[in-house]
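Below you'll find the structure, written out as structure tokens, and then a few comments.
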Amino acid sequence: MSTVSPAHQQLLERYRASHIGVFGLPGLVLSHGEGPYVWDVDGTRYLDLLGGIAVNALGHGHPELVAAISKQAGTAVHVSNFFTTQAQIEAAEAVLRIAQAPEGSGIFFCNSGSEAVETAIKLSRRTGRTGIVAAGGAFHGRTTGALSLTHKAAYRTPFEPLLPGVTHVTPGDVDALRAAVGPDTAMVLLEPIQGEAGVVPTPPGYLAAAREITREVGALLVLDEIQTGIGRTGAWFAHQLEGVVPDAITVAKGLGGGVPIGGLVTFGPEVTGLLTAGQHGSTFGGNPLACSAALAVIATIESQDLMAHAVAVGEALVAQVAALDHPLVAGVRGAGLLRAVVLTREIAPAVALAARARGFIVNPVAPDALRLAPPLTITTDQLATFVEALPALLDQAAKESA
Ligand SMILES: *Cc1c(COP(=O)(O)O)cnc(C)c1O
């Protein structure tokens, strides 16, 4: 990958000289995208199998998203929450509808996943309790409150002390959850599929058990659908595949198709009424630009039947990878188009580098797992070009890491 041009290298240097280094040095300077492809400033094309981390639900430059954003940009970009807009009202109604939220439900719009989690934390405090139970391996964001619920020590330790009263339980273990939840528990927060942990689904029945356990003690069940939501797993939200009705869900990533927007959806009047006038806010949240993007994303997923498409393409991927019968592949995890190719050796970073050199963007989400979260619009044939290249990428990475 030292194949980038001197001009490209120079831009990366300027990045390094002008940014706080929390991301390390980015891999590439990208110039534009189209559908599932992106181009770097040297004109090299890549198949974008990460989709901006499950954000670019419609790919790059989708005409309906471009039209909606362009029209709204010429109408009103921002009005503040002293006022509202038709786009905001329609986006709220659309999200509540796809969440199958009952009468009396509500949404608070913000600008990111972390802010949606922060809103859930404040909602939970309004139960009069302070305990929060989350899962080992959980990722809920990087702002200080959300970070308290994220599990990874490397993210947390430099910033301790974090929020008190947080317990992380063994993921997928119903007995451990039951033991951790009690009369002080305000909220249990769970990802239906743990994205950052390596696309690890919760075992069937676990979310239903969590629903039962939280109901017994009067704690809120909040599901973090930031990565799994907006059609990615083949339903609007992954918990719908399990038939569970939560008290609230967090949404973000795919909702705006790349325009920053997040939200907390509260289910029913009782939970929705926990937060009242003056208790929370956001300057940018619910702005008409982001809301018109969300409306276009939801409408396009619906009109193009992209959830059924995500299921079909995801299943084809599983079958194609299995057919490789490669000794370095253990299998494929996940649902719809939120997937991890699981390896038998911890060479995912080397595979991702080799993939990039061949024009594929994949994410080594764990040492032994490659995350794929491509646009929901990607075709089976486009994804198959990666599967065809995979054996050579694996062999090259294994040789380099030998
Ligand atoms: C990405 C993510 C977050 C954080 O979202 P940001 O927009 O980065 O703040 C929280 N929870 C889950 C499950 C995520 O995937």
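From a predicted model like this one, the values you see are computed outputs, not experimental measurements. Note that these values count all heavy atoms, side chains included, but never hydrogens, waters or copies made by symmetry. Counting begins at 1 with the first residue of the sequence. All ligand and atom numbering here is 1-based and tracks the order in the structure.
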Taking the basic N atoms (NZ, or NE/NH1/NH2) and the acidic carboxylate oxygens, is any pair closer than 4.0 Å for [X] and [Y]?
X: E196; Y: R371; result: yes
X: E302; Y: R97; result: yes
X: R16; Y: E13; result: yes

Would you say the ring centroid of H280 lies under 6.0 angstrom from that of F108? yes
Strictly by side chain to side chain donor-acceptor pair (under 3.5 Å), give each pair with a member in residues 49-65 just once, sequence neighbours left out. D48-H60, E64-T300
Chain-and-number sorted residues having a heavy-atom contact under 4.0 Å with ligand 1 are S112, G113, S114, F139, H140, G141, E191, D224, I226, Q227, K253
Looking at Y155, I'd like to know if the NZ or CZ of R142 sits under 6.0 Å from its six-membered ring centre while staying within 45 degrees of the ring's axis. yes
